[in-house]
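Worth knowing before you read on, the calculation uses all heavy atoms, side chains too, and leaves out hydrogens, waters and symmetry mates. Every value quoted in this text rests on a predicted model; they were computed, and no experiment measured them.
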Amino acid sequence: HSSQYGIDFLYRHIHSQHHRLVVPYAIGALYNHTLEGLLLDTLGGALSFLVSGMTTRTAVIFFCFAVIKTVDDHSGLWLPGNIFHLFFQNNTAYHDVHHQLQGLKYNYSQPFFSIWDRLLGTHMPYHLVKLPEGGFEARLKKD
């Protein structure tokens, strides 16, 4: 995912389609350019399955879990007791920052390991603000 941002051509012509969604919603997680879906999702998934040596059953469980996590990350919903928010630092709010215009070059790590953003200098801290009309909004922390 983040490698597409290092090469302007790939971002401009392929991954930018996904970022037309400034405010992400659940099914928007799968709103990708055809080449991105084929190369990263399909071939990348097949390659990781073959290299890892997972059984077919394990692979089905893992990939279903990854898709559900990705959809949750794009849902824009901060629900109490959400298991993904309890176990992963890169959750719905974390990924919302990535889809904001100021956060476009930050918080790439999706769907699992936010450590890569910290190691590569692409982590953008945020805080949740409770909105008067209900719900929460992820806002960038000011230095």
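In this structure, L35 CG and L43 CG are separated by 10.5 Å, a value rounded to the nearest 0.5 Å. The distance from atom OG of S52 to atom CZ of F62, rounded to the nearest 0.5 Å, is 8.5 Å. Residue L47 holds its CG atom at 11.5 Å from CG of L40, rounded to the nearest 0.5 Å. We find the CD-CD distance between Q17 and E36 to be 8.5 Å, quoted to the nearest 0.5 Å. Once rounded to the nearest 0.5 Å, the distance linking NE2 of H123 with OH of Y94 reads 4.5 Å. Here CG of N32 is found 11.5 Å from CG of L38. Values are rounded to the nearest 0.5 Å.
Under the 4.5 Å side-chain heavy-atom criterion for Ile, Leu, Val, Met, Phe, Trp and Tyr, V129 and M124 are members of distinct hydrophobic clusters. F87 and V67 are members of different hydrophobic clusters when ILVMFWY side chains are connected at heavy-atom separations under 4.5 Å. When the side chains of ILVMFWY residues are joined at heavy-atom separations under 4.5 Å, either directly or via intervening members, V51 and F113 end up in two distinct hydrophobic clusters. The hydrophobic clustering, which links ILVMFWY residues whose side-chain heavy atoms are closer than 4.5 Å, places I68 and W78 apart. In the hydrophobic clustering of this structure, I83 groups with F63; members are Ile, Leu, Val, Met, Phe, Trp, Tyr whose side-chain heavy atoms approach within less than 4.5 Å, directly or through other members.
Because its NZ or CZ atom is both nearer than 6.0 Å to the ring centre of F136 and within 45° of the ring axis, K130 counts as a cation-pi partner of that residue.
When all heavy atoms of N90 and K69 are compared, the closest pair comes out as O-NZ, 2.7 Å. The minimum heavy-atom distance between N91 and H85, with the atom names listed, is CB-CD2, 3.2 Å. L131 and E137 get closest at one heavy-atom pair: CD2-OE1, 3.6 Å. For D96 against G76, the heavy-atom pair with the smallest separation is OD2-CA, 4.0 Å. Taking each heavy atom of G121 and Y106 in turn, the nearest pair found is O-CE2, 4.4 Å. Of all heavy-atom pairs spanning N82 and D72, the tightest one is ND2-OD1, 3.0 Å.
Put simply, the side chain of T42 gets close to the backbone of G37: a donor and an acceptor are under 3.5 Å apart. Within the 3.5 Å criterion, the main-chain N or O of M54 finds no donor-acceptor partner in the side chain of T58. Remark: the backbone N or O of A138 is paired with a side-chain donor or acceptor of Q100 at under 3.5 angstrom.
For the 3.5 Å distance criterion, the side chains of D117 and T122 qualify, holding a donor opposite an acceptor.
Aromatic ring centroids of F65 and F84 lie under 6.0 Å apart. The distance between the ring centers of H74 and H18 falls below 6.0 angstrom.
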Point to revise | From CA spacing to verdict: side-chain contact (heavy atoms from CB on, under 4.5 Å), R20, Y31 | key: CA-CA 9 Å; R20 291 179 187 163; Y31 181 70; 3.7 Å; yes
